[in-house]
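First the proteins, then the strands, lettered A, B, ... as listed; each starts at 1.
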Number of protein chains: 2
Amino acid sequence: MTQGSTAERSTELEAQLKAIASQRRLLILEWLKDPEANFPSREHGDLEHGACNLFIVERLGVSQPAGSRHLRILTDAGLVIPTRRKGWVYYRRNEPGIAELIARIGEL
Amino acid sequence: MTQGSTAERSTELEAQLKAIASQRRLLILEWLKDPEANFPSREHGDLEHGACNLFIVERLGVSQPAGSRHLRILTDAGLVIPTRRKGWVYYRRNEPGIAELIARIGEL
DNA sequence: GAACAAGATAGCTATATAGCGATATGACTC
DNA sequence: GAGTCATATCGCTATATAGCTATCTTGTTC
């Protein structure tokens with residue numbers, strides 16, 4: 001059984017809903033739809049893996065720790081995927097995860 | 001213009017997401033899919049208008065004020081519709097509102 | 001219109017969330 | 001392997017949310 005109980009699934013859904021119930025995190029998800037358009041390239045090919053944490057934090061206009069936590073909440077909810085490369089962490093949308101959340105909300 | 005600004009719409013979306021990012025409120029919406037099955041009838045024909053506040057509070061297992069606030073949050077978010085009748089308030093799902101929210105989340 | 005009952009609001013406490021600055025961790029670079 | 005830079009975590013404060021009891025408001029009934 002890779003599937004949790006109903007209660008666990010409910011709690012997970014609640015966590016995912018809380019993850020997107022934030023203006024800043026909605027913005028992050030929106031920006032990550034098109035990293036090339038929304039963020040500078042740190043080096044050739046970076047944007048394949050999404051946007052550098054550094055630029056997300058900067059664009060959010062919050063402190064680095066605050067941005068880091070928003071990204072952690074999105075990561076824990078399975079909505080973005082971090083990729084470590086060189087000294088940086090790049091974040092991209094987890095499209096299957098997002099699609100699954102949308103499907104579950106569709107059952108409301 | 002009946003439509004608010006983008007910022008207002010975003011804030012409204014955030015409020016709606018926060019409204020459903022709660023186990024208790026998700027339960028209320030679920031129960032209201034079938035008031036007849038989930039709640040006793042207060043008098044003939046009541047359930048057309050949804051479930052009586054009283055029974056929702058009781059089934060939630062929280063105090064009356066706590067239940068009242070949950071219902072207010074759902075009402076403010078446009079997800080349920082209250083109907084006052086005799087001494088009671090009945091709540092039913094606002095299906096168009098829920099559908100609109102689902103559609104907006106689908107754009108995530 | 002007096003009595004009563006349902007629901008909303010007020011005032012409070014406890015917990016959760018979001019922000020910050022400071023610091024620890026981890027990974028490149030030399 | 002020492003230094004440095006990006007990111008994560010810690011410790012704190014401020015605000016938001018959720019619960020309670022007590023009380024106010026409102027609508028119904030007699």
Side-chain angles (χ1 to χ4, degrees), chain A residues 10-12 14-29 32 39-47 49-77 79-92, chain B residues 10-12 14-28 39-44 46 49-77 79-92:
Chain A
S10 295
T11 302
E12 188 200 347
E14 192 182 353
Q16 289 182 309
L17 288 170
K18 281 183 178 166
I20 61 172
S22 151
Q23 194 52 49
R24 293 220 155 94
R25 292 191 291 268
L26 284 173
L27 277 175
I28 292 171
L29 288 176
L32 289 184
F39 299 100
S41 180
R42 181 141 277 271
E43 61 184 50
H44 182 67
D46 286 353
L47 294 176
H49 301 99
C52 177
N53 183 320
L54 196 63
F55 294 133
I56 298 175
V57 166
E58 184 185 350
R59 185 150 190 195
L60 273 181
V62 297
S63 68
Q64 180 269 324
S68 184
R69 187 172 40 192
H70 284 304
L71 286 161
R72 185 177 215 289
I73 289 170
L74 287 170
T75 303
D76 288 349
L79 302 177
V80 302
I81 298 173
T83 303
R84 311 191 84 95
R85 203 175 167 206
K86 303 275 175 115
W88 299 280
V89 180
Y90 298 87
Y91 288 90
R92 66 182 189 280
Chain B
S10 296
T11 301
E12 189 200 346
E14 191 183 353
Q16 290 181 308
L17 288 170
K18 281 183 178 165
I20 60 172
S22 151
Q23 194 52 48
R24 293 219 155 95
R25 293 192 291 270
L26 284 174
L27 277 175
I28 293 172
F39 300 100
S41 180
R42 181 141 276 271
E43 62 184 48
H44 182 65
D46 286 352
H49 300 99
C52 177
N53 183 320
L54 198 62
F55 294 134
I56 297 175
V57 165
E58 185 185 348
R59 185 150 190 197
L60 273 181
V62 296
S63 67
Q64 179 267 324
S68 185
R69 188 173 41 194
H70 283 305
L71 286 161
R72 184 177 215 290
I73 289 169
L74 287 171
T75 303
D76 287 349
L79 303 178
V80 302
I81 298 173
T83 303
R84 312 191 84 96
R85 205 175 166 206
K86 304 274 178 113
W88 300 281
V89 180
Y90 298 87
Y91 288 90
R92 67 183 189 281

Open item on the list: To check you understand the geometry: which heavy-atom pair defines the closest contact between A:G67 and A:V57, and what is its length?
Closed with: CA-CG2, 3.9 Å
Task: Distance in angstrom units between B:K86 NZ and C:dA6 P, rounded - done: 14 Å
Task: Whole-Å distance separating the CG atom of A:D76 from the P atom of D:dA8 - done: 11 Å
Task: Least distance between heavy atoms, B:S22 atom then B:A19 atom - done: CB-O, 4.3 Å
Task: Whole-Å gap separating P (C:dT15) and CZ (B:R24) - done: 15 Å
Open item on the list: Does a side-chain N or O of B:S68 approach OP1 or OP2 of C:dA8 to a distance below 4.0 Å, or not?
Closed with: yes
Task: Proximal nucleotide (of C:dG19, D:dC20, C:dG7) relative to the B:A66 side chain - done: D:dC20
- [ ] In whole angstrom, give the distance that lies between atom CZ of B:F55 and atom C1' of C:dA5.
- [x] 14 Å
Task: Any B:H70 side-chain nitrogen or oxygen under 4.0 Å from OP1 or OP2 of D:dG19 - done: yes
TODO: Name the residue closer to the 5' end of DNA chain C, choosing between A:G61 and A:K18 according to the nucleotide with the nearest heavy atom.
DONE: A:K18
Open item on the list: Looking at the base of D:dA6, is there any donor atom on it, or on the side chain of A:Q64, that sits under 3.5 Å from an acceptor on the other one?
Closed with: no
Open item on the list: What is the distance, to the nearest angstrom, from the CD1 atom on A:I56 to the P atom on D:dA8?
Closed with: 10 Å
Open item on the list: Within the 4.5 Å heavy-atom criterion, are A:S68 and A:Q64 side-chain neighbours or not?
Closed with: yes
TODO: Please name the residue in the list A:L71, A:I73, A:I20 that meets the side-chain contact (heavy atoms from CB on, under 4.5 Å) test with A:R25.
DONE: A:I73
Open item on the list: Does any part of the side chain of A:N53, heavy atoms only, come nearer than 4.5 Å to the side chain of A:Y91, both counted from C-beta?
Closed with: yes
- [ ] Among the candidates D:dT21, D:dT9, C:dG21, find the nucleotide nearest to the side-chain atoms of B:S63.
- [x] D:dT21
TODO: Check the distance between D:dA8's C1' and A:L71's CG and give it to me in whole angstrom.
DONE: 11 Å
TODO: Please check the phosphate of D:dA18 (OP1 and OP2 only) for any side-chain N or O of B:R25 closer than 4.0 Å.
DONE: yes
TODO: Could you please name the option among D:dA8, C:dA6, C:dA8 that lies closest to any side-chain atom of A:N53?
DONE: D:dA8
Open item on the list: I want to confirm an ordering. Mapping A:P65 and B:R72 to their closest nucleotides on DNA chain C, which one lands closer to the 5' end?
Closed with: B:R72
Open item on the list: Over all strands shown, is A:I73 touching base, sugar-phosphate only, or nothing at heavy-atom distances under 4.0 angstrom?
Closed with: sugar-phosphate
- [ ] Assess whether one donor atom and one acceptor atom, taken from the side chain of B:R84 and the base of C:dG7, lie less than 3.5 Å apart.
- [x] no
Task: Length of the line joining A:R85:CZ and C:dT29:P, which is rounded to integer Å - done: 12 Å
Task: Spacing between B:E14 atom CD and D:dA16 atom C1', to the nearest angstrom - done: 12 Å
